[in-house]
Amino acid sequence: MNPESLQGRVAVVTGASSGIGAAVARALAREGARVALAARRESALLEVQAGLDHRGGRVRSLVAATDVADRDQVKSLVARVEGELGPVDVLVNCAGVMYYTLMKNLREDEWERTVDVNCKGAMNCIGAVLRGMLARGRGHIITISSDAGRKVFPGLSVYSGSKFFVEALSQGLRLETAGTGIKVTTVQPGNVATDLLALSSDEEALKLYGQQSGARVLDPEDVAASVVHALGQPDHVAVNEILVEPRDEPV
Ligand SMILES: NC(=O)c1ccc[n+]([C@@H]2O[C@H](COP(=O)([O-])OP(=O)(O)OC[C@H]3O[C@@H](n4cnc5c(N)ncnc54)[C@H](OP(=O)(O)O)[C@@H]3O)[C@@H](O)[C@H]2O)c1
């Protein structure tokens with residue numbers, strides 16, 4: 001796929017109501033893609049949609065309130081996208097949650113939520129687009145993983161586990177679909193300035209491990225640029241993984 005080929009291509013972006021997903025949606029629209037914005041908060045999605053810059057082109061987009069943890073909702077999302085925008089060329093799995101918490105504090109609801117959204121959510125989305133991509137012999141599945149998908153961070157045991165999961169899932173999918181025309185990419189950001197940290201309420205974990213270093217962290221647009229880079233490669237080139245960190249917070 002080259003940058004021109006994003007023109008008119010159909011992209012589904014989950015987690016598009018804020019942070020990285022919103023920045024990815026904006027970047028893809030700027031490149032000429034038709035973008036489906038999915039997350040639970042419809043009003044926030046509509047605000048992001050209103051800010052899309054289609055560079056004067058006749059680019060269409062749609063907003064679909066979707067809980068990625070619900071397989072039926074994800075299937076409906078993809079059916080709607082196919083009906084209104086066309087077959088899905090690009091899936092960007094960006095919906096995610098992160099709770100700083102210590103295992104000993106037994107925040108079992110947060111553990112489960114992490115698995116439901118980060119693991120099952122990514123699987124549900126892949127499950128909804130894969131057959132069509134295989135039938136058409138092309139497609140690109142990009143998952144916003146994390147540097148925690150490469151290295152376990154204390155205070156983020158379950159979150160790191162969920163990101164190791166999406167790395168393994170993507171690796172297996174990449175190996176199994178080689179030769180079919182499908183590309184599979186994970187983007188592994190370090191700290192990004194978004195609302196993600198605000199979900200955590202385990203003060204003990206936050207105090208021990210959730211403090212900011214003071215380094216300049218990434219902007220959501222920096223991660224979106226990695227997504228655009230992966231999408232902009234020639235057909236025979238696949239960017240498998242992108243580890244992108246704040247300069248002063250190396251892993
Ligand atoms: N910020 C970082 O430092 C960082 C670093 C590495 C990786 N990441 C990853 O980047 C991704 C995006 O996070 P962010 O930093 O941009 O945080 P964010 O601004 O909090 O965005 C999270 C997004 O996920 C959506 N979401 C949460 N639960 C959902 C559900 N059940 N169904 C559908 N959408 C859901 C949220 O939308 P609704 O609330 O509207 O549903 C929101 O759009 C996550 O996968 C995160 O793990 C972030």
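Worth knowing before you read on, the calculation uses all heavy atoms, side chains too, and leaves out hydrogens, waters and symmetry mates. Both counts, for ligands and for their atoms, begin at 1 and track the order of listing.
- The main-chain N or O of C94 is found under 3.5 Å from a side-chain atom of T14 such that the two form a donor-acceptor pair.
- When non-hydrogen atoms are compared, ligand 1 lies under 4.0 Å from the side chain of T194 (C-beta onward) but not from its backbone.
- Among V192, V223, V48, the residue whose heavy atom lies nearest to atom 3 (O) of ligand 1 is V192.
- Side-chain contact between T114 and Y99: present, with at least one pair of heavy atoms (C-beta onward) separated by less than 4.5 Å.
- In summary, the atoms of ligand 1 found under 4.0 Å from a heavy atom of N191, numbered by their order in the structure, are 3 (O).
- Atom CD of E84 is surrounded by more than 12 heavy atoms from other residues, nucleotides or ligands within 6.0 Å.
- Counting heavy atoms only, S145 comes closest to atom 7 (C) of ligand 1 of the residues G19, S145, A16.
- Panel note: side chain S200, backbone Y100; a donor-acceptor pair is recorded below 3.5 Å.
- Here is the list of ligand 1 atoms found below 4.0 Å of a heavy atom in P189: 5 (C), 6 (C), 7 (C).
- Using a cutoff of 4.0 Å between basic side-chain nitrogens and carboxylate oxygens, K104 and E204 are scored as salt-bridged.
- The protein heavy-atom contact nearest to atom 8 (N) of ligand 1 is Y159 OH, 3.7 Å.
- Ligand 1 lies within reach of C94, whose nearest heavy atom is under 4.0 Å from it.
- Counting only non-hydrogen atoms, the option in R40, Q73, M98, E245 that gets closest to atom 39 (O) of ligand 1 is R40.
- Between D89 and R138, at least one side-chain N (NZ, or NE/NH1/NH2) sits under 4.0 Å from a carboxylate O, which counts as a salt bridge.
- Judged by distance alone, the side chain of K163 and the main-chain N or O of V152 form no donor-acceptor pair under 3.5 Å.
- The T66 neighbourhood of ligand 1 comprises atoms 32 (N), 33 (C), with distances under 4.0 Å to a heavy atom of that residue.
- Ion pairing of R150 with E241 is present here, as a side-chain N (NZ or NE/NH1/NH2) and a carboxylate O approach within less than 4.0 Å.
- Atom 32 (N) of ligand 1 has V68 N, 2.9 Å as its closest protein atom, hydrogens excluded (heavy atom only).
- Regarding atom 34 (N) of ligand 1, its nearest protein heavy-atom neighbour is A95 CB, 3.5 Å.
- Listed by atom number, the atoms of ligand 1 under 4.0 Å from D67 heavy atoms are 30 (C), 31 (N), 32 (N).
- Checking side-chain atoms of T185 against main-chain N and O of V239 turns up a donor-acceptor pair under 3.5 Å.
- On a distance-only criterion, V97 and ligand 1 share no N/O pair closer than 3.5 Å.
- The residue K120 has no part lying near ligand 1, judged by heavy-atom distances below 4.0 Å.
- Interface of I144 with ligand 1, defined as ligand atoms under 4.0 Å from a residue heavy atom, comprises 9 (C), 10 (O), 45 (O).
- Within the 4.0 Å heavy-atom shell around ligand 1 one finds G190.
- When atom types are taken as modelled, the side chain of N118 and the backbone of V115 share no donor-acceptor pair closer than 3.5 angstrom.
- Ranked by closest heavy atom to atom 13 (O) of ligand 1, the top entry among L156, N124, L196 is L196.
- Given atom 22 (C) of ligand 1, the protein heavy atom at minimum distance is G96 O, 3.6 Å.
- With ligand atoms numbered from 1 in the order given, ligand 1 contributes 31 (N) to contacts under 4.0 Å with heavy atoms of R113.
- Each of V81, I141, L130 was checked for a side-chain contact (heavy atoms from CB on, under 4.5 Å) with V88, and the lone residue meeting it is V81.
- Ligand 1 has at least one atom lying under 4.0 Å from a heavy atom of V117.
- In terms of protein heavy atoms, atom 23 (C) of ligand 1 is closest to G15 CA, 3.7 Å.
- Heavy-atom proximity to S18, at under 4.0 Å, picks out these atoms of ligand 1: 18 (P), 19 (O), 21 (O), 42 (C), 43 (O).
- The side chain of K163, and not its backbone, has at least one atom closer than 4.0 Å to an atom of ligand 1 (non-hydrogen atoms only; side chain from C-beta on).
- A donor-acceptor contact shorter than 3.5 Å is absent between the side chain of K207 and the backbone of D202.
- In this structure, the protein non-hydrogen atom closest to atom 37 (O) of ligand 1 is S17 OG, 2.8 Å.
- Using a 4.0 Å cut-off between a side-chain N of Lys or Arg and a carboxylate O of Asp or Glu, R26 and E221 qualify as a salt bridge.
- Of all protein heavy atoms, the one closest to atom 16 (O) of ligand 1 is I20 N, 2.8 Å.
- Using modelled atom types and a 3.5 Å distance limit, the side chains of T186 and E167 yield a donor-acceptor pair.
- Side chains of E249 and S213: a donor-acceptor N/O pair is present below 3.5 angstrom, by distance only.
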